[in-house]
Structures are given as structure tokens and as C-alpha cells.
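Notes to accompany the following structure.
All chains are named by letter (A, B, ...) in the order of the sequence lines, taking the proteins before the strands, and each is independently numbered beginning at 1.
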Number of protein chains: 2
Amino acid sequence: MSTRLPPLTALRAFDAAARHMSFARAAEELNVTPAALSFQIKSLEEHLGAPLFRRLNRAVELTESGRTLAPGAADAFQSLSTAWNAAKRLQNNTNLTVTAGPGLTAKWLAPRLYEFARAHPEIDLRFSATLRMLDFVRDEVDVAIRFGQGTDEGYWSQPIRREWVTPVMTPELAETYTTPESLLQAPLIFDESINFLKPPCDWPVWFRTQGIDYTPTHGAHFSQADHAIDAALSGAGVALGRRGMVNTDLHAGRLVAPFKTAVEVPASFRFVCAQGTENRPQIKAFREWFFAEIEKTAYISDQFTVIPIEDIPPL
Amino acid sequence: MSTRLPPLTALRAFDAAARHMSFARAAEELNVTPAALSFQIKSLEEHLGAPLFRRLNRAVELTESGRTLAPGAADAFQSLSTAWNAAKRLQNNTNLTVTAGPGLTAKWLAPRLYEFARAHPEIDLRFSATLRMLDFVRDEVDVAIRFGQGTDEGYWSQPIRREWVTPVMTPELAETYTTPESLLQAPLIFDESINFLKPPCDWPVWFRTQGIDYTPTHGAHFSQADHAIDAALSGAGVALGRRGMVNTDLHAGRLVAPFKTAVEVPASFRFVCAQGTENRPQIKAFREWFFAEIEKTAYISDQFTVIPIEDIPPL
DNA sequence: CATATCAGTTAAATACAGCTTAACTGTCGC
DNA sequence: GCGACAGTTAAGCTGTATTTAACTGATATG
């Protein structure tokens, strides 16, 4: 049990030697002479009471003891290294790495990147577009914009206003499809990126708000929200657009939402960062800019009657 | 990235301080004076460029940097410690820890413990009865006797002869239930510990080998094999006994298996240890004793017609 | 077959990290 | 106000870790 640990530098030397399977290369990695490394390994072997390496002609190989120790040692130094880097990163107030889903990154963050850079030239902003749930330390990320029904326990989290979906299309298409009923003839575009929601939030649900019982079967399906919006932008059809994904295009007039009923999505975006980091200069700057930027297109939401999904009558 | 790590002793001091939330207790743990610990922390903070602890009146608390570093450091030293202990354990040739399921431990290993101890007085044998799949390093175990359909890739593994099941009961009950058909009236005992097998290996399957279509619904159910055998031993009914669990009692005559048909179980016991440890003195001694002991009751298997489960005709 | 080279070891000298003792600061509880 | 407590600081010592330089023994090369 409480067998005290051997000298840590010796363990680090062993780790390097085991990873490289060469004392010479290990010595190089640690910026010491091969002699020093040889001593370290020898000292460790004395502490253990058994050899860790079998010295062969021009190579070394691990003994059973070495093979037992090596993986744990590698893990340990890996873990120390990431943790230390993460702590170092906190010292840096000019870098900021933000992760968000591919859709939001493409449709909301990327188009505004230039504007943020102009407002905060001292901050080097980076994006990491992934859906993977994240570990701020391991993934070297400072801020996450997450969408879903999850909770953010253990993190600092600020909800962004509620999401809704409503049909969107190019202004040209809007001249043809002027009533909800006319959409029954329209080419519909499906965004599967929010299929995981319960209750679902799809075309049949929106049609129900119009008193229409219709489950469309044909149309283009996209696994990512931004691709669905891009298809709508190209005039390919009518998409059920999520607020966060389409407000930029609605604001610019590239898309229109002719029907003034929207379905509230039973999930929301949250601005998430590690507890206690919310006031680091670059995170605070980004957070304030981010929420101010959202407010700029808030007026769009006011144009809609947003119906909570549970208030929609089944047909 | 390649930010070199700070002095490792300082990191260890930080780990201890963060775990205890007290420099004094950390110093005690590391067998150094509080002054030394204070210097270590200070040195680490200089390397980092930021404080790790906030010094309060009579306590310390972690800063954000400290909170970022602490979990990784704790993991790292934990990992080092287990790996080191595992390597140390390899030096010890007098201890042997064996893990097996509760059933085998109770019905096979425990009754033979005394015999092994007499044959190998120099070896201190310990049992760890658990079903959990194991990590030899983390769980401080040398040998595992595992039952199942799994593979043992990455380990040294030796299969034990095939398992089968056949009805067993006390000699007294055997006077009443002399034919397979008579079992339809017998109180049956169910061992649910092998319910996970596919295809299943239960009463209906054994009855099919006798041309009987019978799915019993009543009877005592046990989640562990040894409890089912204990029930049979007490005369409470007829159990479907697994070879490994009942051969000791059959050999001793405490149980009898009047019907000479057994169903081969589609899974087997394996003797498993870490690669390269199979010839450590105590493991080799145990292994040889173990397989020799099994051979002693091998004659029992010869008394049965063992039918592979896939050869049993469906009814 | 001699020779250069490569990987690791050993010896002796040295530098410095890390430790200790001892005295000090500030706070809390009595 | 006093003593106890938690952590800090200063000065000096100890021993670990490192370097230089020479050595071993195996392998490749001309």
C-alpha cells in the first residue's frame, strides 16, 4: 500500500525510456545526457529491487516489471502534462477557443468573426466545430455553445433565449407559397440535426399549429442544420429553420419567414464555460459581445407567435 | 504544448496540499516540514506565473488555476502509485491473489484452500470473490478464474475443460425421482447465474434432451450458483448443477446425478493471468495444483453423455 | 580483419534542488 | 492580552541529479 513512491525524476526518465524504447532518445527528450538517464533507470531499478529493462545488444526491452509499470507511468505523465498546460493556458488572456456545433459555427459565429476581431483586436479567437461533449481541460477549450436539453452542472452556464422553428425560404419562393396549405405542394427540406429532441420538433408538428394533418414523406434530408439552410438559401425548397441558424439570413433579407407562427423547441442554446473562468478578460469580452449580438436580431422573434410544443393540440 | 513540466516534487507537494486543503497536513503526509512544503508551492506558483492557493486566515483555498491543475495532478499520482505498487508486487513471490465468481469460490476454491496451503506453505493465498471484470494492475490481483463466452486477448489464458449441466439432488431424493419424467413432479431449483448465456442452458433445454417438452414455472430461484447447490444439498429439491460447482459434492457423494445425460454449456472457465506472469513461482505452483485438482474429478465427466447444446433437437 | 560507430555503463567531480532549523507574521479563540 | 495555529521567510546544509570523460561490447563497413 503506502509504499512511498520512488524519486519522481527517475520515474519520468523511465516513462520517456519506455515510450521511446531507447535510453539515448529518452535522454534527448529530457535534455540530459545518456549517462544521467542511465543513472536514473538504475536508481529506479534499485528502488524496485528488479530490473525494468533487459539490455540487449543495440536495444532495450521491457521486463515484466517494466511492462507493468510503463502504462501507468505514461498515463500519469500525460495527465500531469495536460493539467499543467490547462493551468498555464489560464494565464493567457489573448487566446480564446470556442466550440460550437457545425451549424451554429457556420451560420452564426463564422460570419461574425470579422466583426469580433475588429472590436477586440487583442483577442485571438479560434473555433472548434464539434458536437462531441467536451472536457474543457482535456480539449483545451475555453467556451462552449451547446444546444440540447442537458444540464450544465459543475459549469458556469448562461442560457440563450429560447429557440423556435418556422418555415423559411427565399423571397422568390415566398411569392409562390403564400399560405400554409400551399406548402403541401412545396419541396420541403428536412433538418435531421434536431431529430434527437423529445418531443420531436419537425414538419408534422409545425403543420399541426396550422390545423393541418400532414406528414411529408419526400424531400431533401440534411444531417446538419447549416446544410439545410444553405439548401433553402439556394432556392431549393422550404426549410424549417431554427432561430439561431436563420436569424442572420432573415435579418439580411436573404431568407423570409412568411408565416408568423413558430414552434418553440424544447431545448436551448447555452453559453458554457468552466466555473470561475467567466470573468477572464477574453471570456467576458466574448460573452458580452455574444449576447449583445444576439439582442441585435431579437426583434425577429417579436414578429412571431411562438407556441410551446406542449400547447400544440394533437389532431 | 511542449511546455516542459515544472519540478515534479513541487507538483507532488501541490497534489498533497490540494487533497488535504492544508499545507501542514500535506507536509505531514510527505514527511517534510511545513516550510519545505511552502517553498514547493511557491516555486510551483512561480513556474506557473500565477497563485495556486488563496491564503486565508487559517485555511487555504484553490484558485481557478489550482482547481484546473488539481484533478489532473491527483489522477497522475494515483496512477503512478498503483502502477508502482503493481510492479513492486511482482517482486513478491509469496503472495497470490486469486479472483473468481462467488459460486466457484464457495464450491470449489474455498473447500480446497487448506489442501493448497499444506502443499505450498510458503504461499499466502488470498481470494477475491467478484464477478466484475478485472484489471490485474488496478485490482491487485494475480490470477482470475473467469466463466463466460468472452475472449482473453492480451492475457495469458488456459481453458479449463468444458462445462456441462445435469440434474443433481441428495441421495435421499434420488430414491423418489428415478426417471426424467418423475422430475415433472419434483421441486426444481433454478440457478440464474448462467441466464446470460446464449443459447440458454436451463431446465427446458435439459428436458428436451429427454424428449420432454416442459417449461417449469415454479421453484426456488437463486442468483448465485453456490446458493442453488446449497439448496439442493439441503434436500430442498433438484438443481441443474454445473460441473465446476458440483463435482466436489458428487465426488464426496453428498449429491448424486442419476441421469446420465448432461448438456454442454456454451461457455467455459478459463485460468487467466497477465502475459508473462504465468511462470512466476506462486502462479505456476497454483496453476499446476489447480489443473491437477481438476483432473482428480475428471472421471465424473466420463459418466455422462455430454450433448452439445446445438445438437439438441427443438421440439 | 581492422576500424569506426553506436548504445549503454561507470567513475569522479560538481551544481543545485530540496530539506531543515529557527525565527517571524498575522489571526483566531480564550 | 496570551497562547495556539497556519503559513512564510532566511540561512545554511545535504544529498540527489547532472555533467564530463573514459570504457565495454556488439555491429556494421570498407
Side-chain angles (χ1 to χ4, degrees), chain A residues 3-63 65-67 69-70 73 77 80 84, chain B residues 3-63 65-67 69-70 73 77 80 84:
Chain A
T3 313
R4 297 276 310 291
L5 281 176
L8 295 170
T9 41
L11 279 171
R12 185 176 40 182
F14 168 75
D15 171 48
R19 277 186 288 106
H20 289 126
M21 287 310 274
S22 152
F23 289 11
R25 266 177 288 160
E28 194 183 352
E29 174 184 311
L30 300 173
N31 291 314
V32 295
T33 56
L37 214 121
S38 181
F39 274 115
Q40 295 289 10
I41 302 288
K42 197 179 165 193
S43 132
L44 197 59
E45 291 178 326
E46 267 162 26
H47 274 271
L48 181 62
L52 289 161
F53 286 99
R54 208 165 292 123
R55 276 76 164 173
L56 304 178
N57 303 338
R58 300 188 77 109
V60 288
E61 80 180 22
L62 287 166
T63 61
S65 296
R67 249 175 300 145
L69 183 56
F77 288 106
L80 270 186
W84 181 252
Chain B
T3 313
R4 297 276 311 288
L5 281 175
L8 294 170
T9 42
L11 279 171
R12 184 176 40 182
F14 169 76
D15 171 48
R19 276 187 289 105
H20 289 125
M21 285 312 273
S22 152
F23 289 10
R25 264 177 289 159
E28 195 183 351
E29 175 184 312
L30 300 173
N31 291 315
V32 296
T33 56
L37 214 120
S38 181
F39 274 115
Q40 296 289 11
I41 303 286
K42 198 179 165 191
S43 133
L44 197 60
E45 290 177 326
E46 268 162 26
H47 274 273
L48 182 62
L52 288 161
F53 286 99
R54 208 166 291 124
R55 276 75 166 175
L56 304 177
N57 304 338
R58 300 188 78 110
V60 287
E61 82 181 18
L62 288 166
T63 62
S65 297
R67 251 175 298 144
L69 183 56
F77 288 106
L80 270 185
W84 181 252

ask   = Under 4.0 Å between a side-chain N or O of K42(A) and OP1 or OP2 of dT10(C)?
value = yes
task = Taking only the side-chain nitrogens and oxygens of R55(B), find out if one of them lies under 4.0 Å from OP1 or OP2 of dA6(D).
result = no
ask   = Using a heavy-atom distance cut-off of less than 4.0 Å, which residues of residues 15-24 of chain A contact DNA chain D?
value = none
Side-chain donor-acceptor pairs of residues 30-41 of chain A under 3.5 Å, sequence neighbours excluded:
residue : atom : partner : partner atom : Å
T33(A)  : OG1  : A36(A)  : N            : 3.3

remark   = Its contact letters, B for base, S for sugar-phosphate only and - for none at protein heavy atoms under 4.0 Å, make nucleotides 17-22 of chain C read -SSBBB
task = Test L80(B) against every option in L80(A), L8(A), D15(A) by the side-chain contact (heavy atoms from CB on, under 4.5 Å) rule and name the one that passes.
result = L8(A)
key: Pairwise side-chain contact, P6(A) with L11(A), heavy-atom cut-off 4.5 Å (strictly under)   = yes
task = State, yes or no, whether a side-chain contact exists between L69(B) and L62(B) at a heavy-atom distance under 4.5 Å.
result = no
ask   = Quick check: are there more than 12 heavy atoms from other residues, nucleotides or ligands sitting under 6.0 Å from CD of E29(A)?
value = yes
request  = With sequence neighbours excluded, tell me which residues meet ring-ring contact (aromatic ring centres under 6.0 Å, His included) with F77(A).
outcome  = none
Which pair of heavy atoms, one from [X] and one from [Y], lies closest together, and at what distance?
| X | Y | answer |
| --- | --- | --- |
| F14(B) | G66(B) | CZ-O, 3.6 Å |
| S65(A) | A50(A) | OG-CB, 4.2 Å |
| S43(B) | P7(B) | OG-CG, 4.4 Å |

inquiry  = Per the salt bridge (charged side-chain N to carboxylate O under 4.0 Å, His left out) rule, what does the pair list look like for residues 37-56 of chain A, sequence neighbours excluded?
reply    = E45(A)-R55(A), R54(A)-E61(A)
Dot-bracket encoding of pairs in DNA chain C, which uses [ ] for pseudoknotted crossings and | for another strand, Watson-Crick or G-U under 3.5 angstrom = ||||||||||||||||||||||||||||||
inquiry  = Using whole Å, what does the distance between atom C1' of nucleotide dG7(D) and atom CZ of R54(B) come to?
reply    = 17 Å
query = Rounded to the Å, how far apart are R25(A) CZ and dG8(C) C1'?
reply = 14 Å
